[in-house]
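This report refers to the structure that appears directly beneath it.
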Amino acid sequence: MRVRFAPSPTGALHVGGARTALYNWLLAQQGATFVLRIEDTDRERSTPENVEQILDALEWLGLDDYEKPWISQISRRERHQEVLRQLIDGGHAYRSTAAKPEVDAYKARHGRERGFRGEAEAEGAVRLRVPDDGETVVRDIIRGETTFAHVHLDDPVIARADGSVLYNFAVAVDDLDAGITHVVRGEDHLSNTPKQLLVLEALGEPGPLYAHLPLLHGPDGKKLSKRHGAASVQELRDAGFLPEAVCNYLVLLGFGMYDDETIVPIDALINRFDLTHVSKNPAQFDERKLRWMNGRYVRDLSVEDLTARLETFTGRTGLRAAVEISREKMQTLADFWPLAGFIFDGPADDPAAREKWLDDDGRAVLRDVHAALDAVDPFTQDAVQAALEGVVAAREVKPKQIFQPVRVALAGRAISPGIFETVVVLGREETLRRIDRALQSVAKAPAP
RNA sequence: GCCGCUAUCGUCUAGGGGACUAGGACGCCGCCCUCUCACGGCGGAAACCGGGGUUCGAAUCCCCGUAGCGGUACCA
């Protein structure tokens, strides 16, 4: 069994493409040979930058154990010309100058549902001759057999007038030469499959087995694109998602497990994945569910691992202590800095929080807390907690009345990791300094 | 227009003639936990597109409609 992933040469890897790659990769883990080929027959759009982006995305996802990738247009020109000549000489294809107007005129005469048939000419583009009778059957593991009657099919153009070949021709010949047995790709290719099969048939070749995956849609039900937010793997990475969560989510988006598990690591998926259980209907990409799933994966990471990833993501170092007290509150890596950045960069500026919690009562509380923490020794979490709870008891108020002013003094906002943990991570000196500063800044603020 | 694919809670899905009072997950609502935000726990609302068949029996099989999506390029 040989499978291949043949993405467009257009830079960023679309999440739909990522899912296709994932399914191919899963098949490879089950024993298939996995081939990667950039399919580019359109004036070499496969720039080194574009190819690198695709390869990077696959590497990030951990799907990079394919056979050495190759680019169709660049390496296959001569072979394509050879097959083209073979088809023309054999009477399976012909040159024709007929374009859109001629095709429309033909259909006006013979009926809208009749496929275009042209006459052989001395020059022009190359069209494949489709038999008038019969049908081409696409054998698909996911959908069963789909039949296309030849009468409805136009003689497809397989090469331009300048001799450069077109996708439906190139992909058929490339798959044939690469010995591909199973083609797993998006459903958008289903309607063009008979053209590819017809090329193969003219060559006397049987054609592979297909598995056309349902398309991915955005929240509005339309094909997923940039305007839906993160539509590419690189955007997902930049948004702070973990590759293992993205893989888990993508596999299950369109693939139903027999049991009811949702969080299934990619390794566990290898044994259970089965093309016959891939869903037939298009799926909407739901970023909220991905966020939830990503949170689960974040919490399963060790503190060391999570710290390393966050240091790469933020470009900062020395994050470990802050990570340890924040990990329960993150869904994505991008959530970390807004939550814990104050530990490193000083309090945030949230006027509403200051106004609410640093009023006269709040300042009185801060003075008590300052005194209490000043006396704590050793400065451990238990001791800090006892000291702060002592203030709560002494003032006979709800814990929140004490903890929130402290939180705002330290973090500058009403949301932060646990207050005892935060105080300990900041240390006595920094904590007291921030409380002093909060008292001063409030005192200096002009009275309303 | 023509050709094709698809159709279960808002979303992802389980379901392959009786086990369906249609199960799980995200999201949503309520309660609990609680120093904020989260996490976690418990509970709840929420679906078989419509119409005909086949059958003792249909979410499941067939047909027709409808809707959504895709293809229809000298794009990939």
Side-chain angles (χ1 to χ4, degrees), chain A residues 6-10 38-43 45 72 96-100 103 107 111-115 124-127 138 140 142-143 146-149 151-154 156-168 170-171 186-195 212 214-215 217 219 221-223 249 252-263 277 279-293 295-296 299 326-331 335 339 353 357 385 388-389 392 398-404 406-408 411 413-420 422:
Chain A
S8 303
T10 45
I38 311 289
E39 202 64 60
D40 179 12
T41 56
D42 183 31
R43 298 166 249 273
R45 278 198 276 164
S72 178
S96 167
T97 55
K100 187 92 163 63
V103 171
K107 286 175 187 285
R112 298 294 309 170
E113 76 289 353
R114 294 287 289 233
V126 179
R127 282 184 186 269
V138 178
D140 192 297
I142 298 171
R143 299 156 203 278
T146 303
T147 302
F148 294 85
V151 267
H152 299 313
L153 266 28
D154 293 338
V157 175
I158 55 175
R160 302 181 180 90
D162 67 6
S164 61
V165 297
L166 259 31
Y167 173 77
N168 284 310
V171 78
E187 193 198 321
D188 47 342
H189 289 281
L190 181 58
S191 295
N192 284 327
T193 305
K195 298 178 188 175
H212 285 98
L215 261 21
H217 290 169
K222 300 279 198 269
K223 190 170 175 167
Y249 178 71
L252 259 38
L253 190 55
F255 176 67
M257 220 44 115
Y258 334 95
D259 44 48
D260 288 326
E261 289 175 74
T262 304
I263 301 287
H277 281 83
S279 151
K280 286 197 274 258
N281 30 352
Q284 287 189 24
F285 184 82
D286 183 3
E287 196 171 318
R288 286 177 310 183
K289 188 161 185 175
L290 208 210
R291 290 184 67 83
W292 165 80
M293 190 174 280
R296 292 283 305 260
R299 267 168 262 125
S326 314
R327 57 197 304 242
E328 288 294 310
K329 301 167 191 299
M330 279 184 270
Q331 283 197 312
D335 291 340
L339 181 70
W357 294 106
Q385 180 166 348
L388 289 177
E389 283 170 350
V392 172
K398 295 205 174 215
K400 181 195 281 195
Q401 298 302 316
I402 305 303
F403 300 148
Q404 282 303 80
V406 177
R407 191 185 308 282
V408 173
R413 59 206 288 261
I415 299 171
S416 83
I419 197 66
F420 315 126
T422 300

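Chain identifiers are assigned alphabetically (A, B, ...) following the order of the sequence lines, protein sequences preceding nucleic acid strands; residue numbering begins at 1 within each chain. Values below: every heavy atom of this structure, side chains too, minus hydrogens, waters and symmetry copies.
- Between His277(A) and Phe255(A), the ring-plane angle classifies as perpendicular under the 30° and 60° cut-offs.
- Residue Thr262(A) places no side-chain N or O under 4.0 Å from the OP1 or OP2 atom of G24(B).
- A distance of about 23 Å separates the C1' atoms of C26(B) and U6(B), rounded to the whole Å.
- Residue order along RNA chain B, read from the 5' end via each residue's closest nucleotide, puts Asp154(A) first among Tyr167(A) and Asp154(A).
- You'll find the side chain of Asn281(A) stays beyond 4.5 Å of the side chain of Glu187(A), heavy atoms only.
- Using a 4.5 Å heavy-atom threshold, the side chains of Lys280(A) and Arg143(A) count as touching.
- Remark: Arg160(A) does not engage Asp162(A) in a salt bridge, criterion side-chain N to carboxylate O under 4.0 Å.
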Next on the checklist: Please encode protein proximity along nucleotides 36-50 of chain B as a string of B, S and -, counting only heavy-atom distances under 4.0 Å.
Outcome noted: BBBSS----------
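- Between Phe255(A) atom CZ and G15(B) atom P there is a gap of 10 Å when expressed in whole angstrom units.
- Residue Arg45(A) has its side chain nearest to A76(B) when only C5(B), U72(B), A76(B) are considered.
- Nucleotides A58(B) and G50(B), compared at atom P, are 15 Å apart to the nearest Å.
- The base of A7(B) is not paired with the side chain of Lys280(A) by any donor and acceptor separated by under 3.5 Å.
- Here G27(B) is the nucleotide among C69(B), G4(B), G27(B) with the atom lying nearest to any side-chain atom of Arg288(A).
- When each of Pro282(A) and Leu190(A) is assigned the nucleotide of RNA chain B bearing its nearest heavy atom, the one mapping closer to the 5' terminus is Leu190(A).
- Taking the C1' atoms as reference points, A45(B) lies 9 Å from C28(B), given to the whole Å.
- Between the C1' atoms of C9(B) and C29(B), the separation comes to 15 Å (whole Å).
- To the nearest whole angstrom, the two C1' atoms, one in U13(B) and one in A22(B), are 13 Å apart.
- The shortest distance between the side-chain N/O atoms of Asn281(A) and the OP1/OP2 oxygens of U8(B) is below 4.0 Å.
- The phosphate of C75(B) (OP1 or OP2) has a side-chain N or O of Arg160(A) nearer than 4.0 angstrom.
- Looking at the side chain of Ser279(A), the nearest of the listed nucleotides U6(B), U13(B), C75(B) is U13(B).
- The ring of His277(A) does not lie on top of the base of A14(B); it is either too far (5.5 Å or more) or too tilted (30° or more).
- As the counterpart of G57(B), no nucleotide is assigned, since no Watson-Crick or G-U wobble pattern has both distances under 3.5 Å.
- Taking atom CG on Asp40(A) and atom P on A76(B), their separation rounds to 8 Å, with Å as the unit.
- Side-chain atoms of Tyr249(A) come within 3.5 Å of backbone atoms of Asp286(A) as a donor-acceptor pair (strictly under, hydrogens ignored).
- A67(B) and U54(B): their C1' atoms are spaced 26 Å apart (whole Å).
- Proximity of a side-chain donor or acceptor of His152(A) to a complementary backbone N or O of Glu113(A) within less than 3.5 Å is detected.
- Remark: P of A76(B) and CG of Asn168(A) are 8 Å apart, rounded to the nearest angstrom.
- A heavy-atom distance below 4.5 Å is found between the side chains of His212(A) and Thr193(A).
- For the pair Val126(A)/Val157(A), no side-chain contact is recorded, criterion being any heavy-atom separation below 4.5 Å from C-beta on.
- In this structure, CG of Asp140(A) is placed 11 Å from P of C5(B), rounded to the nearest angstrom.
- Between the CD atom of Glu113(A) and the C1' atom of C2(B) there is a distance of 7 Å, given to the nearest Å.
- Out of C74(B), C35(B), G70(B), the shortest distance to the side chain of Ser191(A) is found at G70(B).
- Across all strands shown, His212(A) has no heavy atoms under 4.0 Å from either base or sugar-phosphate atoms.
- As rounded to the nearest Å, C20(B) and G15(B) have P atoms that lie 14 Å from one another.
- With C1' as the reference atom, G57(B) and G17(B) are 7 Å apart, rounded to whole Å.
- Phe148(A) places its CZ atom 12 Å from the P atom of U72(B), with the value rounded to the nearest Å.
- For A14(B), there is no paired base (Watson-Crick or G-U wobble, both distances below 3.5 Å).
- Both distances falling under 3.5 Å, in either a Watson-Crick or a G-U wobble arrangement, place G68(B) opposite C5(B).
- Asp154(A) and Arg127(A) are not joined by a salt bridge, as no carboxylate oxygen comes within less than 4.0 angstrom of a charged side-chain nitrogen.
- Contact check, Thr41(A) against A76(B): a side-chain N or O comes under 4.0 Å of OP1 or OP2.
- Residue Phe285(A) is classed as having no contact, given no heavy-atom separation below 4.0 Å to the nucleic acid.
- Here G71(B) is the nucleotide among G71(B), G4(B), C74(B) with the atom lying nearest to any side-chain atom of Asp188(A).
- Taking atom NE2 on His217(A) and atom P on A7(B), their separation rounds to 13 Å, with Å as the unit.
- Across all strands shown, Arg143(A) has heavy atoms under 4.0 Å from sugar-phosphate atoms exclusively, and none from any base.
- Of the nucleotides present, none pairs with C48(B) by Watson-Crick or G-U wobble criteria with both distances under 3.5 Å.
- Side-chain contact between Pro156(A) and Asn168(A) is absent, with no heavy atoms from C-beta onward closer than 4.5 Å.
- Nucleotide C74(B) holds its C1' atom 6 Å from the CG atom of Leu166(A), rounded to whole Å.
- Arg327(A) places a side-chain N or O within donor-acceptor distance of the main-chain N or O of Arg299(A), the cut-off being under 3.5 Å.
- Of all nucleotides present, only C32(B) satisfies the Watson-Crick or G-U wobble test against G40(B), with each distance under 3.5 Å.
- Which of U11(B), A25(B), U72(B) sits closest to the side chain of Lys289(A) comes down to A25(B).
- Proximity note for Leu253(A) (side chain, C-beta onward) versus C69(B), A76(B), C12(B): the nearest is C12(B).
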